[in-house]
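What you see is a predicted model, and the numbers here were worked out from it, not measured in a lab.
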Amino acid sequence: VQLVESGGGLVQAGGSLRLSCATSGFTFDDYAIAWFRLAPGKEREGVSCIGVSDDSTYYADSVKGRFTISSDNAKKMVYLQMNSLRPEDTAVYYCAAVLNWVRQTAGWAEVPYPYWGQGTQVTVSS
């Protein structure tokens, strides 16, 4: 199983970035893919999640209306379009995968995700 994030970088406040998560080694349609972020001195935060088989989407309140998660099932890719970025969005962003039925047993950000990528840094300057 492999998840590889890309697309991070340095952007000014108000700008946009698109993160990508390339997946392999598992049956994509059986999984939910989520984005988490970890900022220095803060706890890990669930940002967004998509149920690949039904395109159900979930967002943290802090990013609703600014971030959009999507998937390309043919390419086994998940994307996070981030608009109106703020300095407080600065963090390392990780994509993670969990079986969709497990995701449905509790809050999407609370269930244990067994597969993780290596992360990509997003820095938003003020």
Side-chain angles (χ1 to χ4, degrees):
V1 174
Q2 195 170 20
L3 295 93
V4 180
E5 303 94 336
S6 61
L10 173 64
V11 64
Q12 288 189 331
S16 298
L17 282 174
R18 188 196 195 205
L19 303 184
S20 298
C21 176
T23 74
S24 61
F26 59 94
T27 305
F28 191 66
D29 289 354
D30 290 343
Y31 281 75
I33 310 296
W35 288 95
F36 291 82
R37 64 187 181 186
L38 184 61
K42 295 184 179 180
E43 293 188 357
R44 187 180 68 194
E45 179 186 16
V47 175
S48 184
C49 178
I50 186 167
V52 171
S53 61
D54 61 5
D55 282 338
S56 54
T57 58
Y58 309 87
Y59 296 94
D61 288 343
S62 58
V63 306
K64 278 181 183 176
R66 300 189 298 124
F67 291 10
T68 302
I69 192 169
S70 62
S71 67
D72 183 330
N73 292 18
K75 296 182 178 179
K76 299 184 180 181
M77 297 282 294
V78 173
Y79 306 98
L80 186 68
Q81 178 66 43
M82 306 187 296
N83 298 329
S84 302
L85 282 162
R86 304 166 179 169
E88 53 264 41
D89 294 318
T90 295
V92 178
Y93 284 71
Y94 299 88
C95 63
V98 67
L99 283 165
N100 202 43
W101 72 264
V102 174
R103 188 266 305 171
Q104 293 170 338
T105 62
W108 64 267
E110 279 73 49
V111 297
Y113 284 73
Y115 306 121
W116 292 80
Q118 84 289 347
T120 186
Q121 176 70 47
V122 171
T123 303
V124 184
S125 63
S126 56

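- The two atoms that bring S126 and A13 nearest to each other are CA-CB, 4.3 Å, heavy atoms only.
- Between S16 and Q81, the closest side-chain pair of non-hydrogen atoms falls below 4.5 Å.
- Summarising the geometry of C21 relative to W35, their closest heavy-atom pair is CB-CZ2, 3.6 Å, with the distance given to 0.1 Å.
- Side-chain contact between E5 and L19: absent, with no pair of heavy atoms (C-beta onward) separated by less than 4.5 Å.
- Residues L38 and W116 share a hydrophobic cluster, clusters being chains of Ile/Leu/Val/Met/Phe/Trp/Tyr side chains in contact below 4.5 Å.
- Contact check for K75 versus S20: no side-chain heavy atoms found under the 4.5 Å cut-off.
- In terms of heavy-atom proximity, P112 sits nearest to V98 at O-CG2, 3.5 Å.
- Between the CG atom of D55 and the CD1 atom of I50 there is a distance of 5.0 Å, given to the nearest 0.5 Å.
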side-chain contact (heavy atoms from CB on, under 4.5 Å) assessment of Y113 paired with W108
CA-CA 10 Å; Y113 284 73; W108 64 267; 4.0 Å; yes
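- When L10, L85, T120, V124 are each tested for a side-chain contact (heavy atoms from CB on, under 4.5 Å) with L17, only one passes: L85.
- Between the OH atom in Y79 and the OG atom in S48 there is a gap of 15.0 Å [rounded to 0.5 Å].
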Does the side-chain contact (heavy atoms from CB on, under 4.5 Å) test come out yes or no for R103 and Y58, once each step is laid out?
CA-CA 11 Å; R103 188 266 305 171; Y58 309 87; 2.6 Å; yes
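- Under the 4.5 Å side-chain heavy-atom criterion for grouping Ile, Leu, Val, Met, Phe, Trp and Tyr, V122 is not connected to V4 through any hydrophobic cluster.
- Here NZ of K42 is found 7.0 Å from CD of E88. Values are rounded to the nearest 0.5 Å.
- Under the 30°/60° scheme for interplanar angles, the aromatic rings of Y115 and F26 are found to lie parallel.
- Summarising the geometry of G51 relative to D54, their closest heavy-atom pair is O-OD1, 3.1 Å, with the distance given to 0.1 Å.
- Closest of all the heavy-atom pairs between G25 and V1 is O-CG2, 3.6 Å.
- Side-chain atoms of D29 and T27 include no donor-acceptor pair closer than 3.5 Å.
- The two residues P114 and A97 make their nearest non-hydrogen contact at CD-O, 3.1 Å.
- Of the inter-residue distances, the one linking S6 atom OG with Y93 atom OH reads 15.0 Å to the nearest 0.5 angstrom.
- The closest side-chain heavy-atom distance from T68 to Y59 is below 4.5 Å.
- A 4.5 Å side-chain heavy-atom check between R37 and L80 finds every atom pair outside the cut-off.
- We find that D89 and R86 are not joined by a salt bridge, their nearest charged nitrogen and carboxylate oxygen being 4.0 Å or further apart.
- Here the side chains of V52 and N100 are not in contact, with every heavy-atom distance at 4.5 Å or above.
- At a threshold of 4.5 Å between non-hydrogen side-chain atoms, the residues C95 and V78 do not count as touching.
- Interatomic distance, OG1 of T57 versus NZ of K64, reported as 10.0 Å (0.5 Å rounding).
- With rounding to the nearest 0.5 Å, the separation of CZ in F28 from CE in M77 is 9.0 Å.
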